[in-house]
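Have a look at the structure below, then the notes.
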Amino acid sequence: MAPRIFSILVFSTLSIAFFAQQLNIYNPQELYDEPGGLFDATMVRSMFVDFEDPNYHSTLVNAFFENPDLRIPATVTIDEMSIDNVGARYKGNSTFCLPNDEGNVKVPYNMDFNYWDADGDLLGYHKVKLANAWLDPTFAKEYLGAQIYQRYLPSPEVSVVALHTQGNYTGVYLNTESINKQFCKKHFDEDYGALFKCDGSGVFCGEPNPLAGAPTMHWLGTDSTDYYNSYDLKSDHGWAELMDLIYTINFDPTDIESKLNVDRVLWAFAVNQAALNLDTYNGYYVHNFYMYLSENGLWQMIPWDLDNTFGGALLGFDYFNPNTLFHYNPYDGEAESEQKPLAHLLFSNPLYRKQYNAHLRTIIEESLDEAAILSDANAMQEMAYDAVDADENKLFPMNLFTQNVTSSIWTGWGFAGITSSVAERKSFLESLDCPEINVNAPVISNVELLDWASDATGTYITIQATVDGASEVDLMATTSEYNSHFEDYAMNDMGDGTYETSLYFNLDNPVDWKFYIRAQTSEAMTLSPPRAEYEFYYFTTPLGTENLIEEFSMELIPNPTTSKFSFRGIPNAERITVYSMNGEKIHEQNGLFDINVEEWSSGVYLVEAQTSSGNVIKERIVVCD
């Protein structure tokens with residue numbers, strides 16, 4: 001049962017005042033790079049990398065296998081700005097191994113601009129990761145996928161770079177934002193928590209690692225070394241905290257909300273499935289995500305390596321049976337036998353499962369628009385066409401650059417098309433094969449912040465919304481500076497589809513309230529704003545406005561009553577409304593006329609009087625037999 005903030009005292013005398021408040025929606029998109037920044041997605045930047053070592057390629061290839069942390073110095077030039085002593089190494093897995101096995105120099109880069117220079121950066125960023133889009137004929141899948149993820153949870157940015165190495169044009173790369181301290185500072189406003197890259201230690205090429213693990217969130221025991229092959233620690237601490245999370249997932253699931261940002265994981269899972277990026281935890285392979293322990297004590301899931309969005313290279317031989325991919329179970333991991341304990345925990349919880357389905361519906365409605373994605377893909381390809389055409393190191397010919405946008409292709413291996421995958425996935429998710437997604441969900445509208453008021457119990461602001469088709473409506477609210485730990489407060493049914501509740505505050509201590517509305521039936525959930533909890537409504541309570549309070553003392557005489565009651569203590573009333581205690585409107589009139597109650601059932605009723613100045617005064621009346 002959700003606690004109630006809104007309460008009215010029997011026989012209380014109310015003094016009411018109003019002060020208009022601004023209701024806003026928090027926009028996390030403002031955290032992403034501005035036009036002209038390093039991750040400006042509307043331009044192709046030329047980057048020049050020059051190594052002091054003329055044998056840099058063989059040095060870095062050997063280091064990839066023998067000493068992966070080795071970096072060698074390079075000078076990077078971009079926008080006529082040169083930075084010396086940049087620490088460069090190769091990165092990746094299959095996207096390194098496949099071109100390297102062919103003797104192709106177009107391999108991914110990891111460049112650290114403050115590796116030797118503590119103050120070094122490139123347009124404000126300390127690290128740059130260049131992905132070669134080796135298995136993407138369109139060069140657009142990670143680029144477009146990132147834009148979808150960014151709408152729903154903190155996600156890396158992606159831009160386009162034309163890379164020149166040692167004076168030679170190497171080709172088109174995708175500049176993918178590093179998940180590091182800077183990323184955490186940008187999205188969580190702090191950067192000293194534990195950070196893990198969740199990827200097994202195996203490598204696609206070279207000698208197989210029999211100990212390579214997978215970050216499944218299975219409990220492996222109390223020895224932290226048993227987790228080393230599944231999780232890569234990126235901070236200077238964190239093993240105890242990660243093991244505590246994993247223990248909770250496996251043995252104490254009722255405590256999960258004290259350890260994990262559950263909504264963040266549900267959004268990540270939902271985007272993975274809706275956008276058909278199955279190269280991650282709730283897909284084909286368990287990897288390609290980060291976990292960060294933020295200052296609020298909750299672990300945050302962060303997506304990474306999005307090049308298989310829209311199916312990507314995962315189509316493979318299923319090109320001849322594509323529904324294996326397009327009709328993939330959106331609840332992957334729900335069965336305990338699938339060995340994904342985090343997914344099993346979340347999908348076994350009815351509330352979380354409804355919340356996940358609500359997120360899926362939002363993504364389908366907002367982001368699986370085939371025409372909009374085609375337009376974005378065409379714009380990106382038009383921007384990058386000349387650079388891609390000149391790229392002699394790319395794997396695919398130019399005819400597949402555009403063809404693979406709208407259709408899957410076969411080159412001895414299947415590569416899923418972008419818009420064709422969107423159409424197929426959306427059709428499946430909206431079909432009878434996915435009944436949980438396609439139930440009638442409540443509709444929320446007209447979310448309003450009413451003027452603040454003061455009564456005998458304190459000063460409060462009322463939040464009101466119109467909700468159709470719900471059996472339960474809650475206000476999810478918090479004052480946390482971390483935009484987390486939302487608590488549920490039952491909203492009162494006032495009749496005619498109107499629900500409301502109130503938040504109390506101290507006039508001497510203004511606070512920032514953040515909230516969203518959650519409406520449910522036994523089968524479905526709807527949120528407002530739809531991207532909650534990543535987005536939410538917010539307002540700041542007023543400060544020092546006691547002098548605006550207008551004192552009124554409304555009396556209902558007699559009280560209790562058996563036949564009628566009259567009004568005393570207020571000068572006028574434009575409208576009188578009476579409600580039962582379950583929110584049903586019983587009576588309404590204009591003016592301070594006596595009200596006859598002889599036909600009413602015995603009980604307690606709430607009387608609201610709205611004066612000509614706009615004040616609202618509330619009092620209870622007790623009706624007896």
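Numbers here are sequence positions counted from 1.
- Ring geometry for Tyr605 versus Trp600: interplanar angle of 30 to 60°, hence tilted.
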Decide yes or no on side chain to side chain contact (heavy atoms under 4.5 Å, CB included) for Leu325 and Leu278, but give the supporting numbers first.
CA-CA 9 Å; Leu325 178 70; Leu278 302 182; 3.7 Å; yes
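- Aromatic ring pairs are classed by plane angle as parallel below 30°, tilted from 30° to 60° and perpendicular above 60°; the pair Phe347 and Tyr331 is perpendicular.
- Of the charged side-chain nitrogens involved, at least one lies within less than 4.0 Å of a carboxylate oxygen, so that Arg531 and Glu366 count as a salt-bridged pair.
- When all heavy atoms are compared, the tightest approach of Lys186 to Asp33 is NZ-N, 4.5 Å.
- Annotation for Glu34: atom CD does not count as buried by contact number, only 12 or fewer foreign heavy atoms lying within 6.0 Å.
- Between Tyr460 and Tyr504, the gap from one ring centroid to the other is short of 6.0 Å.
- Residues forming a side-chain contact (heavy atoms from CB on, under 4.5 Å) with Glu241 (at least two apart in sequence, or on another chain): His237, Leu293, Trp299.
- Between His359 and Trp267, the ring-plane angle classifies as parallel under the 30° and 60° cut-offs.
- By the side chain to side chain donor-acceptor pair (under 3.5 Å) test, His587 pairs with Gln589, sequence neighbours left out.
- Residues that satisfy the side chain to side chain donor-acceptor pair (under 3.5 Å) test with Gln300, not counting sequence neighbours, are Asn261, Arg264, Ser294.
- By the 30° and 60° cut-offs, the orientation of the rings of Phe536 relative to Phe486 is tilted.
- Remark: Tyr32 pairs with His187 by the ring pair (Phe, Tyr, Trp, His ring centres under 6.0 Å) rule, at least two apart or across chains.
- Considering every non-hydrogen atom in both Arg425 and His327, the closest pair reads NH1-C, 3.7 Å.
- Salt-bridge formation is detected for the pair Arg353/Glu436: a Lys NZ or Arg NE/NH1/NH2 atom is positioned less than 4.0 Å from an Asp or Glu carboxylate oxygen.
- Every residue was checked against the ring pair (Phe, Tyr, Trp, His ring centres under 6.0 Å) condition with Phe326, not counting sequence neighbours, and none meets it.
- Annotation: side-chain contact (heavy atoms from CB on, under 4.5 Å) contacts of Ala335 (sequence neighbours excluded): Ser337, Glu338.
- Note: Tyr292 and Phe188 meet the aromatic proximity criterion, with ring centroids under 6.0 Å apart.
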